Amino acid sequence: MKKKLISLISAALCLCMVLSACGGPANSDPSSSTSESQGGDNTQDKTLTIATMTETTTLSPLYMGVYNYSMCTMLYETLLKYEDGEVKGNLAESYSFNEDGTVMTLTLRQGITFHDGTPFNAEAVKKNLDFMHSNPQYMACPGIYDIESVEATDEYTVTITYPHPYYGYAYDFCWPDVGGMQSPNQIVEGDFQTVQGYAGTGPYIYEEYVSGEYTRFVRNENYWGEEPYFDEIIARYIPDSTSRLQALQTGEIDLVYGSSMISYQDYQQATALDGVAGAIAEKDTRARDITLNASSGPLVDARVRQAVSHAINKEEFSDGLTYGYERIAEMPFPEGTPYTDVELTASYPYDPEKAAALLDEAGWVMNEETGIREKDGEALNLTFIYDTAQDSLVSSYATLLKSQLEKVGIGLELKGSEKMEWYAEMMAGNFDITYWIGEYEFSSPHCFFGAMPSMTPHTFSLSQVDGSQEFFDAITAVKQTDDPAEVQELYNYLINYDLGNVIDIPLTYYKDLILYNTDKIAGYEFSSVPAFFDVSGLQPVA
């Protein structure tokens, strides 16, 4: 989704606004009290300091980004959760559908309050869902965006009515970043830019923010679930990777989390240090993928797209950039994702000789002086655009891709930019190739395809491709059925159309990582959605 769940460029642009955070002025530097207590009995030191790569000024579900994944689940909780391959109750104790699949009933947990003291009940859920449903940012989540009506049937029962059945409705309530329930007092109806503070139902409360330094979270003493171990958590702003590792080694921070802040090289260097340990999730998080623009420039020719695929050596990405930690991806979905065990009718594996033959056939002749192919006086130079902050390896992937394509005579200009500039260029079709991240297991393949007609690089890429209207019609069809056989048949077609036309080229499956100080943390158990830090998975040193 990094996504994210973006719909229109206007909706996407609002994500870049830096808002003023709530909370009073700082009275002290939390690191001083932490370091003092570390010299004594660790059992008395219940302050955990974690690193963040950006300041915590966008912790609302309206603006949540990958850089907040280590904090969002401390504040907010979802109605449902994805666990062990299925959707389960969370703030909603249970859920059910009527026989037609058009009415969903949520039975809420009782006795829960938001951080500001507001009761969590059906009216609070209704206000949240009415607000989300009216926000175009949620277009990729039919479970929220397609709602016809929400009714608070009684104090702890919510009834949601939809215009048609859809097998993916319940999954859309599991997004930890954008699906969290916030206090009704934080919601400004019809205003999808203003944030009036941060108050969820999670195990920690947003307490204090100091610009350029840190944010303090304190334990929610009224938390409905298992009591968290740490009294407070300090999120310290350290944007530079090297500085984060140094801070971990010196004990200034206790923990770094997530693939956006930890590369595999960082992981190997850090875990070789005394007092630092780590873990890599067994489960793949998402697929690293590139999307080709099939409606503009040289890539309009399917033979050139096929040549690009044949020129890519995925083993070099896996072994050379991830030390073999990341498996080669043949699908843009994590292994085990429902409906994705599909037999591909066409594939374009690494074969540079085949790539060269296809380019020759398409009329692109090698210029021996420049090493770049030409046709009708035009050089075969493509542009690769990407968001430089999307993850810790995106720039390395771009550089290796450039090297591989140049070996078959395809030039590649690399254009890294900040998120909003990248997104605007992508939606305008001003690219030949772009870096794209697939979906999580719980949001695949429905969210991967569901957003293509309006808000992904595929929107422009597919606009001039033969059969694209049938493809988009199939996306609409899969979003209006809960019949397993029909869903499978539609995905067989969608996956083969996308990969067969070389619109997407999956590269590797990335994983999430954690590094921690062993004087404070004994271990960590990743959740079923490993991209999001789960404080309950920490095993503190006794």
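Quantities reported herein were computed from a predicted structural model and do not represent experimental measurements. As a basis for the values below, the full set of heavy atoms in this structure was taken, side chains included, without hydrogen atoms, waters or symmetry mates.
Under a cutoff of 6.0 Å and an axis angle of 45°, Lys415 and Phe384 do not form a cation-pi pair.
With sequence neighbours left out, Asp504 forms a side-chain hydrogen bond (donor to acceptor under 3.5 Å, both in side chains) with Thr291, His458. With sequence neighbours excluded, no residue satisfies side-chain hydrogen bond (donor to acceptor under 3.5 Å, both in side chains) with Tyr145.
Ring pair Tyr82/Phe442 is tilted by interplanar angle, where 30° to 60° counts as tilted. Relative orientation of the Tyr167 and Tyr339 rings is perpendicular, given thresholds of 30° and 60° on the angle between their planes. A perpendicular orientation is assigned to the rings of Phe333 and Phe448, their planes being inclined by more than 60° (bins at 30° and 60°).
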Below 3.5 Å, can you tabulate the donor-acceptor pairs from side chains in residues 87-95 to any protein atom, sequence neighbours excluded?
from: Lys88; atom 1: NZ; to: Glu83; atom 2: OE1; distance (Å): 3.3
from: Asn90; atom 1: ND2; to: Thr78; atom 2: O; distance (Å): 2.9
from: Asn90; atom 1: ND2; to: Thr78; atom 2: OG1; distance (Å): 3.4

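Between Tyr524 and Phe533, a ring centre-to-centre spacing shorter than 6.0 Å is recorded. Aromatic rings from Tyr237 and Tyr214 are positioned such that their centres are separated by 6.0 Å or more. A distance of 6.0 Å or more separates the ring centres of Tyr491 and Tyr493.
Separation of atoms CD1 (Ile503) and CG (Leu299) is listed at 9.5 Å; rounding is to 0.5 Å.
For the residue pair Tyr435 and Arg288, a side-chain donor N or O sits within less than 3.5 Å of a side-chain acceptor on the partner. A donor-acceptor pair shorter than 3.5 Å can be found between the side chains of Asp116 and Thr118. No donor-acceptor contact under 3.5 angstrom links the side chains of Trp422 and Thr388, judged on distance only. Inspection of the Thr161 and Glu148 side chains reveals no N or O donor paired with an N or O acceptor under 3.5 Å.
Remark: the backbone N or O of Leu59 is paired with a side-chain donor or acceptor of Tyr76 at under 3.5 angstrom.
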